[in-house]
Amino acid sequence: MHTEVAGLFDLKGKVAVVTGGARNLGFDAASILAAAGCDVAITSRDRARAAAAAEDLGARYGVDALAIDLDQTVLADVERCARAVTEWKGRADILVNNAGGGYGASPGNLFQRDPGDCARLIELNLTGALYCCREFGRGMAERGAGKIINIASIAGLVGRDRRIYERSAMKSQPVDYAAAKAGVIGMTRDLAAFLGPMGVYVNAISPGGFARNLASTFVRDYSDRTPLGRMGRDGIDLKGAILFLASPASDYITGHNLVVDGGFTIWQ
């Protein structure tokens with residue numbers, strides 16, 4: 001590879017924090033950052049799971065990796081996490097706000113959903129991400145440099161046809177999830193405006209559906225609604241977007257929401 005290209009994506013010596021980085025898309029993010037040379041801190045509510053992921057990354061890529069248990073809905077816990085990273089490496093250069101996901105056993109149907117599940121899901125996906133931006137962004141602003149990547153979702157961009165969930169007897173996406181992820185996109189844009197003058201970049205990635213533990217009928221129906229004819233692939237399809245937004249290759253981009261969905265959101 002030519003040095004001009006390598007230099008655009010070289011992250012050697014950088015320190016990255018990936019929340020929810022022990023599995024799935026979070027582990028993919030941590031993996032590509034480690035492959036590019038970052039030392040990586042992995043957070044999870046399950047410390048044993050974070051420790052296993054950190055050990056794997058350290059052995060595979062020869063970088064330093066730290067495991068931290070974190071409940072990002074608790075501000076004091078996020079403050080503790082930020083202190084732990086500072087004590088470990090002195091700073092965080094990159095934050096990938098990935099932790100989140102579904103919450104609650106109640107149905108996805110808004111009229112049947114437990115209000116407590118709605119509130120907790122928004123707290124997990126939006127409020128917790130805001131807390132992480134606050135605490136890690138503070139240090140970045142003080143140093144005048146840093147990159148924040150918030151993992152949003154196409155759920156924040158388009159409404160869902162719940163019939164494809166019903167045909168596969170699956171729990172449908174709750175409206176509160178769409179509300180939270182739309183909030184992440186809005187937060188990203190305004191946080192970019194706030195932190196840009198301080199030298200800190202803030203962008204989002206909105207993934208589409210990834211084929212993971214899903215009914216074959218759902219995968220078929222979802223893929224049929226996607227121009228590229230398939231769902232996302234773990235271990236492959238998110239890594240390039242993460243590396244791009246974390247690296248010097250994106251040094252004139254902030255406040256952007258990069259949609260990684262095989263075209264799903266354009267073909268409706």
Side-chain angles (χ1 to χ4, degrees), residues 1 3 5-72 77-99 128-129 131-151 195 198-203 205 234-235 238-251:
M1 181 182 295
T3 55
V5 175
L8 282 175
F9 296 98
D10 183 13
L11 295 175
K12 190 172 183 178
K14 298 292 187 181
V15 179
V17 178
V18 182
T19 67
R23 61 192 181 99
N24 299 336
L25 297 184
F27 187 73
D28 287 351
S31 295
I32 194 62
L33 293 175
C38 284
D39 294 323
V40 183
I42 299 291
T43 84
S44 173
R45 283 173 288 184
D46 183 338
R47 193 181 188 287
R49 181 176 283 171
E55 183 178 0
D56 184 0
L57 291 175
R60 191 183 309 183
Y61 299 107
V63 299
D64 292 341
L66 177 69
I68 305 174
D69 58 293
L70 172 67
D71 179 351
Q72 66 174 16
D77 220 27
V78 178
E79 293 170 337
R80 175 185 59 80
C81 178
R83 286 195 303 270
V85 172
T86 301
E87 291 167 3
W88 178 52
K89 290 290 179 180
R91 70 193 189 283
D93 301 299
I94 299 160
L95 168 66
V96 180
N97 252 327
N98 169 75
Y131 287 164
C132 290
C133 288
R134 179 182 191 262
E135 293 310 310
F136 285 99
R138 186 195 307 276
M140 293 176 180
E142 289 172 354
R143 292 188 307 278
K147 294 209 170 186
I148 296 173
I149 303 169
N150 295 318
I151 304 301
L195 289 176
M198 304 175 201
V200 182
Y201 299 74
V202 187
N203 291 291
I205 297 174
D234 281 331
L238 192 73
K239 287 183 174 181
I242 290 287
L243 180 59
F244 173 63
L245 291 178
S247 70
S250 60
D251 273 357

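We count residues from 1, following the sequence as given.
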Closest contact, heavy atoms only, [X] versus [Y]:
X: L243; Y: A36; value: CD1-CB, 3.7 Å
X: I148; Y: G137; value: CD1-CA, 4.2 Å
X: A246; Y: K147; value: O-CD, 3.6 Å
X: Y201; Y: D251; value: OH-O, 2.8 Å
X: A92; Y: V17; value: CB-CG2, 3.9 Å
X: A41; Y: V85; value: CB-CG2, 4.1 Å

Looking at [Y], is its backbone amide N or carbonyl O close enough to the side chain of [X] to form a donor-acceptor pair, meaning the two atoms are under 3.5 Å apart?
X: N98; Y: G20; answer: yes
X: Q72; Y: T19; answer: no
X: D46; Y: A48; answer: yes
X: S250; Y: L245; answer: yes

Euclidean distance, [Y] [atom2] relative to [X] [atom1], rounded to 0.5 Å:
X: N203; Y: I242; atom1: CG; atom2: CD1; result: 10.5 Å
X: D93; Y: L11; atom1: CG; atom2: CG; result: 9.0 Å
X: L25; Y: D234; atom1: CG; atom2: CG; result: 5.5 Å
X: L70; Y: R47; atom1: CG; atom2: CZ; result: 12.0 Å
X: M140; Y: M198; atom1: CE; atom2: CE; result: 13.5 Å
X: I32; Y: F244; atom1: CD1; atom2: CZ; result: 14.0 Å

Heavy-atom neighbours of E79 CD exceed 12 at 6.0 Å: yes
Test side chain to side chain donor-acceptor pair (under 3.5 Å) applied to K14 - qualifying residues, sequence neighbours left out: none
Side chain to side chain donor-acceptor pair (under 3.5 Å) involving R138 - partner list, sequence neighbours excluded: E135
Pairs involving residues 22-45, ordered by first then second residue, that meet salt bridge (charged side-chain N to carboxylate O under 4.0 Å, His left out) (sequence neighbours left out): D39-K89
Evaluation steps, side-chain contact (heavy atoms from CB on, under 4.5 Å), between I42 and F27: CA-CA 8 Å; I42 299 291; F27 187 73; 5.6 Å; no
Salt bridge R80-D71, side-chain N to carboxylate O under 4.0 Å: no
Steps toward side-chain contact (heavy atoms from CB on, under 4.5 Å) verdict (S31, Y61): CA-CA 8 Å; S31 295; Y61 299 107; 3.8 Å; yes
Verdict with supporting geometry, C81 and T43, side-chain contact (heavy atoms from CB on, under 4.5 Å): CA-CA 8 Å; C81 178; T43 84; 3.9 Å; yes
From CA spacing to verdict: side-chain contact (heavy atoms from CB on, under 4.5 Å), L33, V63: CA-CA 10 Å; L33 293 175; V63 299; over 6 Å; no
